[in-house]
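Here the structure comes first, spelled out in structure tokens, and everything after it is commentary.
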Amino acid sequence: MFHDKIDPSKPIPYFGVDNLYIYVFETLLYLSFALIAGYLVLEFIPKELKPEIQVPFRLIQLAAIGIPLFSLASIVRTSIILMDFAPQMSFLEVLLIVLNDYSFGQAWILNFIFGSALFMVISFNGLKHKSSKWISLGIWILMVLIHGWASHPATLSKNWGLITQTTHVGAVSVWLGILILVAWFRKGNWNWIVFTRWYTPMSIVCMLLIVTAGIVMMSIIIEVGYINSWGINYGEALLLKHLLFIPLILLAFMNGFLTKVYANGQNERGLTSWLKLESLIALFILMTTAFMGVQEPPHETESEEPVPSSLFKLLHTNLNDLSLQWVWNMLGVGCFIMGFLSLVLLFAAYRKNKMGLFIIFSLIAVLFPFLGLLQSVK
């Protein structure tokens, strides 16, 4: 019997930072959710209220089947890890055990079924009928719910973990999916003014949902405290993700409210470039989230002491105790000042249409406070 060899109630060991393919597949998984969401939402919007876009149909088909395809990487990863605990079993035996006995294995089976159904509905008539649009939207919502049910927050808090993970993934997908499709696949009129009248409020709602769900998830996952988590890979990635969110929010505000710089969206080349940059910053955040997904979060109930990250060891060569507290110092203050000044200069770079400077100031605004915060704990 399986339970005589491997206990599915125990947490799965995590891979280290050297498994790049896992991060790539996790990023593509989130991207697939976003592309489907953006495509479906835009299908419900009348033509006169949105930019004219031409999305390769095969891309949407790939995104539909990509949800179960890219999530399979974590199933294979887990099976390979568990083979060390049951060397007498073959890979196929362990794989079947993971699919049958673990929640994320069961979720993969369900999402494979629904993903295949979504692929067939989309491929059948290209969402030309309203009924097929609603069916596709319903399947997508079910897939997001299943993903949330099998997520790490849901294993720690069944109800709140499910709600927050589902809300987080859903809100990110809707906001980012529309942004990507408009930024990279527009092939006609902008209809910019009428587009921003509904997309900007929707983006604000999505951002509020993302932030709220993120705060609740952070309280569920990080039991040792936010600052105490900065000594390990997971906490540092979370901090970096939060700092990346700042220039993203500012750029989204500029693209949504300061487009008078572009004469209400008439400067098509400039506006397209800024929207593409916004989507790329969001992609970096997705990559950071994917990295976090395969790192071990800090828990108070762990029997072993957490291992400090390589970066933390570099900044604190003589510090092994990860019970951290905030301590102001000149270097940290200097990094904060540099970061704040860079954020202010983002507006000037945007107004003058200097994308190169905007990218440089964004990097400074993220990396300097990041290193300053890590250096300011003792």
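In terms of hydrophobic clustering, with Ile, Leu, Val, Met, Phe, Trp and Tyr side chains grouped at heavy-atom distances under 4.5 Å, V174 and L40 are assigned to a common cluster. Hydrophobic clustering (ILVMFWY, side-chain heavy atoms < 4.5 Å, transitive): M338 and L240 are in distinct clusters. F347 is connected to L343 through a chain of hydrophobic side-chain contacts under 4.5 Å among Ile, Leu, Val, Met, Phe, Trp and Tyr, so both are in one cluster. Linking ILVMFWY side-chain heavy atoms closer than 4.5 Å, directly or via other members, places L127 and M120 in two distinct hydrophobic clusters. If you chain together hydrophobic residues whose side chains sit under 4.5 Å apart, I139 and F119 never meet in one group.
Checked against a 6.0 Å centroid threshold, the rings of W108 and F104 do not count as neighbours. When ring centroids are compared, F195 and W190 stay outside the 6.0 Å threshold. Taking the six-membered ring where the residue is Trp, the centroids of W274 and F358 are separated by under 6.0 Å. When ring centroids are compared, H129 and F124 stay outside the 6.0 Å threshold.
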TODO: Apply ring pair (Phe, Tyr, Trp, His ring centres under 6.0 Å) to H242 and Y226, showing your working.
DONE: CA-CA 12 Å; H242 291 163; Y226 186 41; 5.5 Å; yes
Open item on the list: What verdict does the side-chain contact (heavy atoms from CB on, under 4.5 Å) test give for V216 and T167, after you've listed the backbone C-alpha separation in whole Å, the side-chain angles of each residue and the deciding distance to 0.1 Å?
Closed with: CA-CA 11 Å; V216 177; T167 302; over 6 Å; no
Open item on the list: One pair to check against side-chain contact (heavy atoms from CB on, under 4.5 Å): F185 and Y39. What are the steps and the verdict?
Closed with: CA-CA 11 Å; F185 299 103; Y39 187 78; over 6 Å; no
TODO: Verify side-chain contact (heavy atoms from CB on, under 4.5 Å) between L99 and Q106, making sure each step is shown before the conclusion.
DONE: CA-CA 5 Å; L99 292 175; Q106 297 164 0; over 6 Å; no
TODO: Apply side-chain hydrogen bond (donor to acceptor under 3.5 Å, both in side chains) to the pair S376 and W328, showing each step before the final yes or no.
DONE: CA-CA 6 Å; S376 298; W328 284 102; over 6 Å; no
Task: Audit row: V172, T289, side-chain contact (heavy atoms from CB on, under 4.5 Å) steps and yes/no - done: CA-CA 12 Å; V172 169; T289 304; over 6 Å; no
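Side-chain N or O atoms of N191 include one that pairs as donor or acceptor with a backbone N or O of K50 at under 3.5 Å. Checking side-chain atoms of T196 against main-chain N and O of I193 turns up a donor-acceptor pair under 3.5 Å. Counting only distance, with no hydrogens or angles, the side chain of E93 and the backbone of S90 share a donor-acceptor pair below 3.5 Å. Without hydrogens or angle criteria, Y102 side chain to I75 main chain gives no donor-acceptor distance under 3.5 Å. Side-chain atoms of Q165 do not come within 3.5 Å of backbone N or O of P153 as any donor-acceptor pair. Side chain of W198 to main chain of L49: a donor-acceptor pair is present (N/O by atom type, distance under 3.5 Å, no hydrogens or angles). In this structure a side-chain-to-backbone donor-acceptor pair under 3.5 Å is present from Y350 to M254. Using modelled atom types, one side-chain atom of R186 and one backbone atom of G188 make a donor-acceptor pair closer than 3.5 Å. Judged by distance alone, with hydrogens and angles left aside, the side-chain atoms of T166 form no donor-acceptor pair with the main-chain N or O of I163 at under 3.5 Å.
Counting non-hydrogen atoms of other residues, nucleotides and ligands closer than 6.0 Å to CE of M217 gives a total above 12. Counting non-hydrogen atoms of other residues, nucleotides and ligands closer than 6.0 Å to CZ of F340 gives a total of 12 or fewer. Around atom CZ of F336, more than 12 heavy atoms belonging to other residues, nucleotides or ligands sit under 6.0 Å away.
Side-chain contact between I232 and F312 is absent, with no heavy-atom pair separated by less than 4.5 Å. Counting heavy atoms from C-beta on, the side chains of V377 and V327 never come closer than 4.5 Å. No side-chain heavy atom of L341 sits less than 4.5 Å from a side-chain heavy atom of F361. Under the 4.5 Å side-chain criterion, counting only non-hydrogen atoms from C-beta, Y199 is in contact with L179. With contacts defined as side-chain heavy-atom distances shorter than 4.5 Å, the pair W140/S173 qualifies. Side-chain contact check for I222 versus L238: some heavy-atom pair is nearer than 4.5 Å. Taking the side chain as every heavy atom from C-beta outward, I36 and M143 never approach each other to under 4.5 Å. Side-chain contact between F253 and I249: absent, with no pair of heavy atoms (C-beta onward) separated by less than 4.5 Å.
Considering NZ of K241 and CE of M218, their distance stands at 10.5 Å, rounded to 0.5 Å. Atom CE in M207 sits 4.0 Å away from atom CH2 in W175 (nearest 0.5 Å). A distance of 5.5 Å separates OG1 in T27 from CE in M287, rounded to the nearest 0.5 Å. A distance of 6.5 Å separates CG in L346 from CG in L250, rounded to the nearest 0.5 Å. Atom OG in S342 sits 11.5 Å away from atom CD1 in I246 (nearest 0.5 Å). Interatomic distance, CD of E43 versus OG of S136, reported as 9.0 Å (0.5 Å rounding).
What you find for G161 and S151 is that their closest heavy atoms are O-OG, 4.3 Å. In terms of heavy-atom proximity, E26 sits nearest to S74 at OE2-CB, 4.1 Å. Residues N233 and S309 approach most closely at OD1-CB, 3.3 Å, considering heavy atoms. Taking each heavy atom of Y234 and Q295 in turn, the nearest pair found is CD1-O, 4.0 Å. Of all heavy-atom pairs spanning A282 and L248, the tightest one is N-CD1, 4.1 Å. Closest approach of G214 and H168 over heavy atoms only: N-CD2, 3.9 Å.
With hydrogens and angles left out, the side-chain atoms of N329 and Q375 include a donor and acceptor closer than 3.5 Å.
Ring planes of H147 and Y30: perpendicular class, angle over 60° (limits at 30 and 60°).
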